[in-house]
Amino acid sequence: MKMENVEPNGVTFFYLIHGCCKERLVDKGRQLHSHVIKNGWLESNIFLANVLVDFYSAFGILVDADKAFECIPPQDVISWNSMVSIYAANDLLHEAVRLFEEMRLWDKHPSAMSFVALLNLSSRGKELLFGKQIHNFVIKVGIDYGSVLIQSALIDMYGKNDDVQSSIDVFQCSHERSLECCNSMMTSLLHLGFLQDVFELFSWMVCENIVFDEVSLSSTIKALSLYSSPSLDNCCLLHCCAIKSGFDSDSMVLCSLIDAYSRSGQIRFSQQIFEALPSPNIFGFTSIINAYAQKGMGYECLAVFEEMIQRGLKPDKVTFLCILLGCNHSGLVEEGKMIFDSMRTIHDVYPDRRHYSCMVDLLGRAGLVNEAEELLMHASSEGDSVMWSSLLRSCRIHQNEHVGRRAAKRLMDLEPEDPSFWLQASNFYSEIGEFETAIYIREVAVARKMSRDIGYSLIRVHEFH
DNA sequence: GTAGGGTTAG
């Protein structure tokens with residue numbers, strides 16, 4: 001749209017660049033940037049400069065965000081905070097800390113947001129000590145200690161660093177009634193596996209008339225899913241809750257419901273939810289593929305995957321892992337091989353350990369033990385104990401003595417301290433009739449387990465060759 | 001007349 005008789009200025013461009021950020025228009029934003037430079041607005045308008053930093057960071061173009069930041073003549077606290085957040089989001093801990101230090105040298109006073117950015121950094125980087133230092137620093141400086149933002153960032157930081165008690169302590173001293181703190185507490189509890197507490201917190205919110213949102217609800221549904229077998233009643237209860245509160249069109253809520261229903265054994269409800277999704281995204285597709293995979297419905301996984309491709313969605317590592325699991329649980333060997341090969345060749349997704357592990361299992365179960373071993377060696381020169389253990393199991397089932405010996409040896413080399421792998425190796429040797437070796441390995445395993453349990457070595461353990 | 005921001009899936 002062209003504006004007539006109105007001369008656009010810095011403020012106009014501020015809104016335009018903001019819009020490009022929201023609408024994901026990277027090229028347009030770049031054009032606007034050069035326009036801003038030509039007009040010499042950057043030096044006189046800190047708002048404009050700051051929105052450019054955010055624009056580049058929203059697209060992950062760190063280099064240009066950095067350049068835009070350097071162009072701002074006197075950066076203000078917002079510019080600094082944006083850069084610290086960007087470094088934090090890109091896991092550049094040292095750069096973020098360096099910038100924070102620099103900011104203090106320049107005598108720019110950190111705001112609550114500065115601390116939130118640093119706390120997020122320690123959450124992401126699992127830096128508990130650093131997080132505690134920031135916590136103490138916040139108390140010392142006394143800036144906005146009571147703010148909901150800082151409280152919820154602290155609850156999250158302790159939760160992500162597995163320190164549940166500190167997380168609860170902060171929550172109990174915080175604005176307990178704030179949605180932000182409740183949600184952070186719920187995600188921490190969920191992350192740490194305190195599922196019952198997630199339900200209790202949710203009930204408490206309802207009783208206290210704290211209006212929950214889609215994050216609280218999806219966390220609660222997720223907690224339900226993680227129960228070994230959620231009851232259908234509870235799934236329906238939370239589903240009704242979603243409908244009543246108007247969150248039944250939220251993608252996150254619906255994905256957790258797909259998961260919860262399938263785990264409760266009611267895959268048809270998962271199907272219904274998926275089919276009713278107005279425009280399923282990659283999460284929706286992967287949720288239903290995962291549900292089918294867990295139920296051993298391999299062909300359904302493949303059909304949904306096909307539909308996903310036809311809609312132009314790009315599958316990622318998680319999607320492929322779910323499809324391969326589906327093929328594995330249904331014994332679809334050729335299909336699994338085809339999908340696995342297509343990851344790299346067609347979809348430009350590189351398989352990691354989990355995909356290789358799934359394929360080793362798939363091939364091994366099908367009796368293609370040599371092929372499985374070849375793939376395992378290809379995954380990494382070492383392989384890992386899970387893959388070797390799965391291969392050894394396949395060798396036992398399909399009586400492949402040759403590969404089995406190698407797998408047993410590798411497994412014991414990789415896990416000298418884990419008796420369960422040694423017992424598996426021992427069972428393999430009994431299976432192929434080498435009872436002496438089987439007994440020897442079992443004795444070593446038992447001795448090691450005992451010495452580990454007792455705390456010191458009772459029996460001199462000889463290396464097995 | 002213009003801003004940054006907590007939790008967030010498969």
Side-chain angles (χ1 to χ4, degrees), chain A residues 9-19 21 41 45-55 57-58 75-86 88-89 110-117 119-120 123 144 147-157 159-160 167 170-171 174-175 178-191 201 212-219 221-222 225 247 250-260 262 270 274 277 280-294 304 308 313 315-323 325:
Chain A
N9 60 9
V11 180
T12 328
F13 275 73
F14 170 85
Y15 282 118
L16 288 172
I17 295 168
H18 208 294
C21 220
W41 289 327
N45 192 331
I46 187 84
F47 289 85
L48 207 40
N50 283 345
V51 80
L52 274 166
V53 172
D54 286 335
F55 167 76
S57 73
Q75 292 108 338
D76 65 4
V77 69
I78 291 175
S79 341
W80 290 91
N81 289 347
S82 294
M83 271 323 284
V84 173
S85 302
I86 294 160
S111 65
M113 267 321 297
S114 318
F115 294 112
V116 170
L119 287 169
N120 286 338
S123 302
D144 279 332
S147 88
V148 166
L149 275 179
I150 290 191
Q151 303 283 15
S152 53
L154 278 169
I155 294 165
D156 181 58
M157 184 278 288
K160 295 254 164 69
S167 194
V170 177
F171 177 65
S174 72
H175 298 82
S178 85
L179 176 66
E180 290 88 341
C181 290
C182 288
N183 281 353
S184 286
M185 194 65 245
M186 279 176 113
T187 48
S188 287
L189 291 168
L190 184 64
H191 171 78
L201 186 49
F212 60 85
D213 70 356
E214 68 279 10
V215 176
S216 347
L217 191 57
S218 58
S219 297
I221 300 171
K222 185 100 200 290
S225 300
F247 294 123
D250 180 83
S251 160
M252 232 187 315
V253 168
L254 292 171
C255 285
S256 15
L257 276 171
I258 290 176
D259 198 33
S262 81
S270 305
F274 174 74
L277 291 176
N281 58 12
I282 180 173
F283 292 112
F285 271 102
T286 311
S287 298
I288 193 73
I289 290 173
N290 186 37
Y292 286 140
Q294 302 298 339
V304 176
M308 178 179 176
L313 286 166
D316 68 5
K317 284 189 175 202
V318 185
T319 321
F320 279 111
L321 187 62
C322 294
I323 302 166
L325 279 171

Before you tell me yes or no, could you show the steps for A:Ser218 and A:Asp250 under side chain to side chain donor-acceptor pair (under 3.5 Å), namely the whole-Å CA-CA distance, both residues' side-chain angles and the distance that decides it to 0.1 Å? CA-CA 9 Å; A:Ser218 58; A:Asp250 180 83; 5.6 Å; no
Boundaries of the DNA chain B segment in contact with chain A, non-hydrogen, under 4.0 Å: B:dG1 to B:dG10
Students often get this wrong, so: under 4.0 angstrom with heavy atoms, is A:Val116 touching a base, only sugar-phosphate, or nothing? sugar-phosphate
Indicate, with a heavy-atom threshold strictly under 4.0 Å, whether A:Thr286 touches base, sugar-phosphate, or nothing. base
For A:Ser152, all residues meeting side-chain contact (heavy atoms from CB on, under 4.5 Å), sequence neighbours excluded: A:Glu180, A:Cys181, A:Ser184
Tell me, with the steps shown, if A:Asn290 and A:Ser287 meet side chain to side chain donor-acceptor pair (under 3.5 Å). CA-CA 5 Å; A:Asn290 186 37; A:Ser287 298; over 6 Å; no
Looking at every strand, decide which applies to A:Leu321 at a 4.0 Å heavy-atom threshold: base, sugar-phosphate, or nothing. nothing
Not counting sequence neighbours, which residues clear ring-ring contact (aromatic ring centres under 6.0 Å, His included) with A:Phe274? List them please. A:Phe285
Under 4.0 Å, counting only non-hydrogen atoms across every strand here, what does A:Asn9 touch: a base, just sugar-phosphate, or nothing? base
Tell me what A:Ser82 touches on the nucleic acid: a base, only sugar-phosphate, or nothing, going by heavy atoms under 4.0 Å. nothing
Just to be sure I understand the rule, does A:Ser219 reach a base, reach only the sugar-phosphate, or reach nothing, if contact means heavy atoms closer than 4.0 Å? nothing
With heavy atoms under 4.0 Å as the rule, sort A:Lys160 into base, sugar-phosphate or nothing. sugar-phosphate
Describe the nucleic acid contact of A:Asp54 in one word from base, sugar-phosphate, nothing, applying a heavy-atom distance below 4.0 Å. sugar-phosphate
What pairs with A:Phe283 under ring-ring contact (aromatic ring centres under 6.0 Å, His included), at least two apart in sequence or on another chain? none
Is A:Ser256 touching bases, backbone alone, or none of the nucleic acid, heavy atoms closer than 4.0 Å? nothing
Contact class for A:Ser216 (heavy atom, under 4.0 Å): base, sugar-phosphate, or nothing? nothing
Applying a 4.0 Å non-hydrogen cut-off, can you work out what A:Ile282 is touching in the nucleic acid: base, sugar-phosphate, or nothing? base
When all nucleic acid strands are considered with a 4.0 Å heavy-atom cut-off, which category describes A:Tyr15: base, sugar-phosphate, or nothing? sugar-phosphate
Under the rule for ring-ring contact (aromatic ring centres under 6.0 Å, His included), what residues qualify as partners of A:Phe247, not counting sequence neighbours? none
Touch class at under 4.0 angstrom, heavy-atom based, for A:Asp316 against every strand present: base
List for me each residue that meets side-chain contact (heavy atoms from CB on, under 4.5 Å) alongside A:Leu179, sequence neighbours excluded, and say none if there are none. A:Asn183, A:Met205, A:Asp213, A:Ser216
